Peer 1: 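Questions regarding the structure given below will be posed in turn.
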Amino acid sequence: MSSSSLYRRLRGLFNHSPSSAPRFNKPNPSPPSSATNKPNKSTAGPASAATPPNAERRLQNLVKNFIKRSESALFRRRKGTYDSTVRRLATHKKFSMIEEIIEAQKKYKDIKDEGFAIRLIMLYGKAGMFSHARKLFDELPELNCERTVKSFNALLASCVNSKEYDQVETIFREVPQEVSIEADVRSYNIVISAYCEMDALDKAILFFNAMEKTGMEPDLVTFNTLLTAFYKRGQFLEGESVWGMMESKNIAPNIISYNARLQGMVQEKRIQEGIGLLAEMEEKKIEPDVHSYKALIKGFCEDGDLEEAKKWYNKLKENEITPNKSIYGTLLPFLCEQGDFEFGLQLCREAIDNQLFINVAEVQRVVDGLVEVSKIEEAKDLVELCNSKNYLNFNLELPQTST
DNA sequence: CTAGGGTTAG
């Protein structure tokens, strides 16, 4: 099938769908729109729900230390520290502190490096402070920082990260003209992913088509964005269309593409096809990962097939993949439902070995089940094991038994 | 600077 007929097919799908007006998600619940922090509610009354004084002081110290430490050039390369500090401040809605930290970075020569500037723009975006991101972007020339499509993309991504969805299109359309920058494939990908996040897949496809019309070639990321969006929402046929389009363009799917399709197949109850897809991945030397196995395990759990679910869990282990919390979260309730508490016990022990945060209710269910089948010693061991782990913060108890 | 992902808060 030619690529253009696939395009028509896909477009057709959308023309006939009950296409609705673009739906914008609610704006960020607390987008700081001005440069100043809102005064705390605590001023309105006695010690209420606002940041407690101790926490407030800790955060102030955090900011002070951060600014002090950022005098060191070595420190300024530590992206992770910047990320985690801003994330922490953002969860406490300390936007003026974030501004303080980021503005303090502008006095270092690093700001002439576009990469550094991009990091700061992205930090504002992740904190939900898009207007600050925009301001910094506008200031780059006077800070002697070269401004290319990369910082434009950072600005656009910040817009999406701050969930200022209604601004994305305007930014995409207007900023390049204002500053003589040309959008690239990444710019398009960011806008497409924004539409997908908004659940406006019809707009995503329209934009995808528009992109093609300008002669811009979609890449692997473009396709993965669309594949994930369709398959995740159970629009399997549309996903398959996109997959076919990707093939016709000779873009080789990677693990992300395959996992998206695998999840789509499982959702469609086409588990056997999914197993076939996993085999295809292996043939192509794209090693299935924890998410690939998770898809199959989930499928078999939903199918009530205990043997197959356990089988795929064992295959995951054979391939030396470390299960994550989602594997246990999928399997444990199912094992309890099926009365396989021994296997449940084994999984709990493993999860704890791996220091995973498992769900207390799930573990309690295993404990109760073990007692029900008179495996009192095992139940007791599990209770003690869990309660002894500080990180879990559990306080499990053995259910009463009639002796 | 763009794609998925079962995550603490400090």
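Numbers restart at 1 for each chain; the letters A, B, ... are given by sequence-line order, proteins then strands. Since the structure is predicted, the reported quantities are computational estimates derived from the model, not experimental observations.
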Peer 1: Can we say A:Glu268 and A:Arg261 salt-bridge, meaning some charged N sits less than 4.0 Å from an Asp/Glu carboxylate O?
Peer 2: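 Salt bridge absent between A:Glu268 and A:Arg261.
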Peer 1: Less than 6.0 angstrom from the centroid, inside 45 degrees of the normal: does A:Arg119 satisfy that with respect to the ring of A:Tyr82?
Peer 2: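 Verdict for A:Tyr82: a cation-pi partner in A:Arg119.
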Peer 1: In whole angstroms, how far is the P atom of B:dC1 from the CG atom of A:Leu140?
Peer 2: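 Going from CG in A:Leu140 over to P in B:dC1 covers 14 Å.
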Peer 1: Hydrogens and angles aside, do A:Gln364 and A:Asp368 bring a side-chain donor and acceptor to less than 3.5 Å of each other?
Peer 2: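 The answer is yes; a qualifying pair exists.
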Peer 1: Show, in sequence, the C-alpha distance, side-chain angles and deciding distance for A:Arg233 and A:Asp199, and conclude whether the salt bridge (Lys or Arg N to Asp or Glu O under 4.0 Å) test is met.
Peer 2: CA-CA 9 Å; A:Arg233 286 166 179 75; A:Asp199 261 335; 2.3 Å; yes
Peer 1: Heavy-atom count around A:Lys317 NZ within 6.0 Å, excluding the residue itself: above 12?
Peer 2: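 Correct, the count exceeds 12.
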Peer 1: Students often mix this up, so state it plainly: with edges at 30° and 60°, are the rings of A:Trp312 and A:Tyr293 parallel, tilted or perpendicular?
Peer 2: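 Judged by the thresholds at 30° and 60°, the geometry between A:Trp312 and A:Tyr293 is tilted.
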Peer 1: How many whole angstroms separate atom CG of A:Asp219 from atom C1' of B:dT2?
Peer 2: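 Taking CG of A:Asp219 and C1' of B:dT2, I get 8 Å after rounding.
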Peer 1: How long is the line joining CD1 of A:Ile190 and C1' of B:dT2, in whole Å?
Peer 2: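 Nearest whole value for this atom pair: 5 Å.
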Peer 1: Can you measure A:Met211 atom CE to B:dT2 atom P for me and round it to whole angstrom units?
Peer 2: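 Answer to the nearest Å: 16 Å.
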Peer 1: Along nucleotides 3-10 of chain B, 5' to 3', which nucleotides get a B, which get an S, and which get a -, given that the test is a protein heavy-atom distance under 4.0 Å?
Peer 2: BBBBBB-B
